[in-house]
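Have a look at the structure below, then the notes.
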Amino acid sequence: MALIVHKYGGTSMGSTERIRNVAKRVAKWHRAGHQMVVVPSAMSGETNRLLGLANELAPAKRGDAFDRELDMLASTGEQVSVGLLAIALQAEGIDAISFAGWQVPIKTSATHTKARIESIDDARVRGELAAGKVVIITGFQGVDSNNDITTLGRGGSDTSAVAVAAAMKADECLIYTDVDGVYTTDPRVVEDARRLARISFEEMLEMASLGSKVLQIRSVEFAGKYKVPMRVLSSFTPWDIDINEEAKSGTLITFEDTEVMEKAAVSGIAFNRDEAKVSLLGVSDTPGIAYKILGSVADANIDVDMIIQNLSKDGRTDFSFTVHRNDYAKTIDLLNNKVAGELGAQEVTGDAKICKVSVVGIGMRSHAGVASKMFRALSEEGINIQMISTSEIKVSVVIDEKYMELAVRALHRVFDLDQDNSTDAI
Ligand code: ADP
Ligand code: ASP
Ligand code: MG
């Protein structure tokens with residue numbers, strides 16, 4: 001008997017018919033003798049619908065008070081899901097009980113809309129499991145030290161599931177979604193994308209942080225920190241497939257750098273359309289300019305990703321960086337109002353229609369020339385590179401958003417990701 005956590009995403013919970021299927025699958029695992037904790041997301045489209053309602057009522061106004069209510073509102077989607085799933089399981093003849101985050105409790109920081117899980121008290125959940133019940137816990141939400149409901153950021157149910165699995169030392173956390181695993185790139189963008197039978201934890205972390213929304217990055221961080229065995233698999237296989245076959249399907253996130261994986265220089269391609277580029281032209285090139293610019297951006301709670309400072313000419317230089325697209329207007333305003341004057345900048349400009357495309361692979365550690373191969377492929381497609389950043393296992397470029405799909409497809413091809421020779425995919 002094992003303790004298993006299942007997570008079901010929005011599409012998997014998208015209708016009563018699908019919820020019934022989830023219940024039948026969970027019942028199968030329970031009847032096989034496992035202790036089951038299930039973490040569902042809101043039904044597909046529901047979180048967007050709820051946030052849309054808030055936007056209708058307050059298109060411009062934002063702030064801490066607004067964010068608190070946004071969490072109160074958005075968290076209801078998951079509460080509906082747990083109630084329905086518990087009812088569906090009971091209808092299958094299984095004892096099931098649902099909990100909202102605060103009932104567990106899942107304690108988080110107080111940063112509304114992007115709270116971080118701080119602790120999980122598993123006593124109540126363990127008690128119910130010991131009584132033979134399936135326990136269903138809301139994804140995406142927790143409670144802060146004021147007893148206010150918080151949410152964990154979009155895609156946060158992945159993190160709820162892995163955190164529950166970590167806290168309970170579960171034998172495995174299975175993330176059921178609408179694709180049958182982690183692919184070399186988003187299969188909705190590249191038809192030839194291939195499912196990876198395994199991906200290293202480090203690569204998954206990079207892929208998630210560089211924009212692959214199949215897993216929320218915090219969930220991968222949790223899995224790494226607490227060594228939670230984790231697998232991504234499809235909720236659309238027939239619920240009654242053989243449980244042993246199901247347990248081996250999808251993509252395993254592995255903590256070993258196996259030799260097989262070392263063979264490929266590049267394992268996957270990630271892309272992200274959520275960023276925007278901001279440039280300050282002609283700032284005086286004196287000690288402290290980077291601090292002056294980025295310090296004031298950080299003070300406004302805006303995260304900066306890529307940064308470039310050009311060579312200076314006649315004592316002046318250009319300075320560019322990227323921020324989340326939602327922070328674009330705020331950043332431009334901030335620079336125009338405060339920083340540009342102080343630094344004698346000639347112009348504040350930017351571009352919100354950019355995207356970041358990255359190639360990722362632990363094999364890069366032992367393969368030279370990945371960056372040049374990437375740049376050549378982009379130049380052959382006539383795509384101009386605006387910014388570059390590299391780390392030990394990734395190369396990222398910023399390009400015009402309109403070339404994103406072209407770039408991803410070209411890179412997928414030149415790094416042979418459509419071939420079956422780079423990884424041990426089945
Ligand atoms: P869920 O609602 O189950 O959490 P998400 O929409 O958050 O599902 O994540 C699954 C989606 O992630 C897939 O439908 C796919 O389009 C997208 N995706 C992006 N990159 C990848 C990738 N490398 N492998 C698989 N899916 C990916
Ligand atoms: N329902 C939340 C969202 O849409 C959390 C999740 O699906 O993981 O972002
Ligand atoms: Mg998701």
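Atoms within a ligand are numbered from 1 in the order they appear, just like the ligands themselves. Keep in mind that this is a model prediction, so the values were computed, not measured. Each residue takes its place number in the sequence, starting with 1.
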Report yes if some N/O of [X] lies less than 3.5 Å from some N/O of ligand 2; otherwise report no.
X	value
F140	no
K7	no
D158	no

**Asked** Are any of the heavy atoms in G156 under 4.0 Å away from ligand 2?
**Response** yes
**Request:** Mark the output for G155 as yes if a heavy-atom distance to ligand 2 is under 4.0 Å, and as no if none is.
**Result:**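 A heavy atom of G155 does come that close to ligand 2.
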Does any donor atom in the side chain of [X] or [Y] lie under 3.5 Å from an acceptor atom in the other side chain?
X	Y	value
E203	S200	yes
R154	N48	yes
D71	T150	no

**Prompt:** If you take all heavy atoms of T108 and G142, which pair is closest and at what distance?
**Reply:** CG2-CA, 3.7 Å
**Request:** Determine the minimum heavy-atom distance between P40 and S157, stating which atoms define it.
**Result:** O-OG, 4.2 Å
**Asked** Would you say the side chain of Q35 lies within less than 4.5 Å of the side chain of V135, judging by non-hydrogen atoms?
**Response**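 Counting from C-beta outward, V135 and Q35 never come under 4.5 Å.
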**Asked** Which residue and non-hydrogen atom of the protein lie closest to atom 4 (O) of ligand 2, and at what distance in Å?
**Response** R154 NH2, 2.9 Å
**Exam field: side chain T11 to backbone S44, donor-acceptor pair closer than 3.5 Å** = no
**Prompt:** If only atom types and distance count, is the side chain of D318 paired as donor or acceptor with the main-chain N or O of N310 below 3.5 Å?
**Reply:** no
**Item:** S160: which of V5, I137, I120, V39 passes side chain to side chain contact (heavy atoms under 4.5 Å, CB included)
**Value:**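 The side chain to side chain contact (heavy atoms under 4.5 Å, CB included) with S160 is passed solely by V39 among V5, I137, I120, V39.
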**Request:** Identify, chain by chain and in numerical order, each protein residue with a heavy atom under 4.0 Å from an atom of ligand 1.
**Result:**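 Contacting ligand 1 under 4.0 Å are K7, G9, G10, T177, D178, V179, G181, V182, Y183, T185, D186, P187, R188, M207, S212, K213, V214.
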**Prompt:** Going by the order shown, which atoms of ligand 2 are within less than 4.0 Å of some heavy atom of E78?
**Reply:**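 Listed by number with element: 1 (N), 2 (C), 5 (C).
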**Request:** Under 4.0 Å from a heavy atom of S41: give me the atoms of ligand 2 that qualify, with their elements.
**Result:** 6 (C), 7 (O), 8 (O)
**Message:** If we check side chain to side chain donor-acceptor pair (under 3.5 Å) with Y176, which of these qualifies: R231, R25, E246?
**Reply:** E246
